[in-house]
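Here is how names work: the chains are called A, B, and so on, in the same order as the sequence lines, proteins then strands, and each is numbered from 1.
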2 protein chains.
Amino acid sequence: MNGTLHDRIRTDFETRILSGELAPGDRLPTEQALMAHYGCARMTVHKALSPLAAAGLIERRRKAGTFVARPRAHSMVLDIPDLAAEVAARGQAYAYRLLGRTLRAADASQSAMLELDGVHTADGRPLAAEHRLVAAAVAPGIETADFARQSPGAWLLAHVPWSEAETRITAAAATAAEATTLGVAKGAPLLCVARRTWRAGRLVTLVRQAFVADAYELVARFGPRG
Amino acid sequence: MNGTLHDRIRTDFETRILSGELAPGDRLPTEQALMAHYGCARMTVHKALSPLAAAGLIERRRKAGTFVARPRAHSMVLDIPDLAAEVAARGQAYAYRLLGRTLRAADASQSAMLELDGVHTADGRPLAAEHRLVAAAVAPGIETADFARQSPGAWLLAHVPWSEAETRITAAAATAAEATTLGVAKGAPLLCVARRTWRAGRLVTLVRQAFVADAYELVARFGPRG
DNA sequence: CAGTGGTCTAGACCACTGA
DNA sequence: CAGTGGTCTAGACCACTGA
């Protein structure tokens, strides 16, 4: 067993859960019991179990204890480029609707940028609002692309090879504009995916997608060294 | 500022980093300085900054200090269903090669299972080894599917709508079989993606993909409530 | 070799919630 | 109302590594 004590405790439980020895709904020992079993302080036990709770592998309730989590009802893998395929796989009709298109001319501080606003829909219901900036110089042809047939993301994936990408996921309250686009109340919770993509060190696109929280849920469980 | 103190400290730095106030390479205050600034114990500062380091937003080096991380060189978004598109987007030729196909007949304990082994390649180079089990009853037609043209994942995505999925990512050492398949040394580090997919409560497929670690890197940065 | 972060301890007070 | 987890303290020793 390499690594730190809290790593070892965490790995112990990951192993027991992933192997099925501990099944969904099973109760884990209390922190007190684990302190005694591993001969360590409570903070160390807590540090071991916290990431498992954050990753959704276990659920912790005060007074009741700690339990192996049941698989979530609605889940979706982090999959930004092929939203269309994901929706199709659910047996729904996917569409992208362009809402706004602005070409910002180049100036001293930055090169020309195409600004695109749109919404992804599943069976006509808004699924995600998308705000995107594209560096026009790095994506030749995008000014004349037809986004009625293909979303900007799909167009870029097909036309501009990227080499580096960075994704951030956050939760946020719907702004007034997002609320209108998505047909939810202002302040409703949204799942936001912000992504920056580079090609050979040059920024290609910057996109922010806001998903209706109860229509989508992202799940990604990380194991050791995740 | 809602939530706990360590949440507040973490949010402070997330905000300053995402806004660009703190640029890549910039040094953050030491834990000692932050203890004084926030009037708290060192553990609390540490608890605030640890997740940022785990998420790759900052880098910490003993003696040197804490710095805003530079974007990683090679990265890829969690995107299991459309590996083919990802590889194509990098300007490489994608292929799936089937290595083994076994039909396990139904018995008392479980229904019929199709076991598929294969390898995903980019420009002919092995990228990921895939081991997959498919519940034959839930995926009618899969017994006669041709995986020379389409990977099992793509076939399933097109033919069997799924409703729930769960993904786990871990690092593991290559087994002898994986090493042979991928053309790496036994024990070489692999990035493993294990995924279970359900349809209406019934398990459809169980897949384990092992990526050559230096050919692929998964990056997903999580913000607050991630 | 001194500064910095990594881990861990042994406690404390509190919030929540099920028996 | 008692058990459980959530947070936090004030310290300790150590590992690493750059000045």
Subject >> Point-to-point distance, once rounded to the nearest 0.5 Å, from CZ of A:Phe13 to CG of A:Leu52 >> reply: 9.0 Å

**OP:** Find the distance B:Tyr38:OH to D:dT9:C1' and express it as a whole number of Å.
**Re:** 18 Å

Subject >> Any B:Arg60 side-chain nitrogen or oxygen under 4.0 Å from OP1 or OP2 of C:dT4 >> reply: no

**OP:** Grab the CZ-P distance between A:Arg8 and C:dC8 for me, whole Å please.
**Re:** 11 Å

Original post:
For B:Glu178 and B:Ala210, which heavy atoms make the closest approach, and how far apart are they?
Top reply: OE2-CB, 4.0 Å

Subject >> Approximate separation, where rounding is to 0.5 Å, of A:Lys47 NZ and A:Ile9 CD1 >> reply: 11.5 Å

**OP:** Check the distance between D:dT7's C1' and A:Glu31's CD and give it to me in whole angstrom.
**Re:** 11 Å

Original post:
Between atom CG in A:Asp7 and atom P in C:dT7, what is the gap in whole Å?
Top reply: 7 Å

Original post:
Where the side chain of B:Thr44 is defined as all heavy atoms beyond and including C-beta, which of D:dT7, C:dT7, D:dT9 is the nearest nucleotide?
Top reply: D:dT9

**OP:** Starting at SG of B:Cys40, measure out to CD of B:Glu31 and round the result to the nearest 0.5 Å.
**Re:** 10.0 Å

Original post:
Heavy-atom distance under 4.5 Å between the side chains of B:Thr181 and B:Leu99, does that happen here?
Top reply: yes

**OP:** Using whole Å, report how far CZ of B:Arg10 lies from P of D:dC8.
**Re:** 11 Å

**OP:** Could you check which of D:dG6, C:dG6, C:dT7 has an atom nearest any side-chain atom of A:His46?
**Re:** D:dG6

Original post:
What string of B, S and - do you get for nucleotides 10-19 of chain C, 5' to 3', when a contact is any protein heavy atom under 4.0 Å?
Top reply: B-B--BBBB-

Original post:
To the nearest Å, how far apart are B:Glu59 CD and C:dG5 P?
Top reply: 14 Å

Original post:
Whom does C:dT17 pair with, Watson-Crick or G-U wobble, provided both distances fall under 3.5 Å?
Top reply: D:dA2

Original post:
For B:Thr205 and B:Arg132, does a side-chain donor sit closer than 3.5 Å to a side-chain acceptor?
Top reply: yes

**OP:** Would you indicate, yes or no, if C:dG6 has its OP1 or OP2 atom less than 4.0 angstrom from a side-chain nitrogen or oxygen of B:Ser50?
**Re:** no

**OP:** For A:Leu49, answer base if it contacts any base atom (sugar-phosphate contacts may also be present), sugar-phosphate if it contacts only those atoms, and nothing otherwise; contact means non-hydrogen atoms under 4.0 Å.
**Re:** nothing

Original post:
What integer distance in Å separates B:Lys47:NZ from D:dG5:C1'?
Top reply: 11 Å

**OP:** Run the salt-bridge test on A:Arg27 and A:Glu59 with the 4.0 Å N-O cut-off and return the result as yes or no.
**Re:** no

Subject >> C:dG6 phosphate, OP1 or OP2, under 4.0 Å from A:Thr4 side-chain N/O >> reply: no

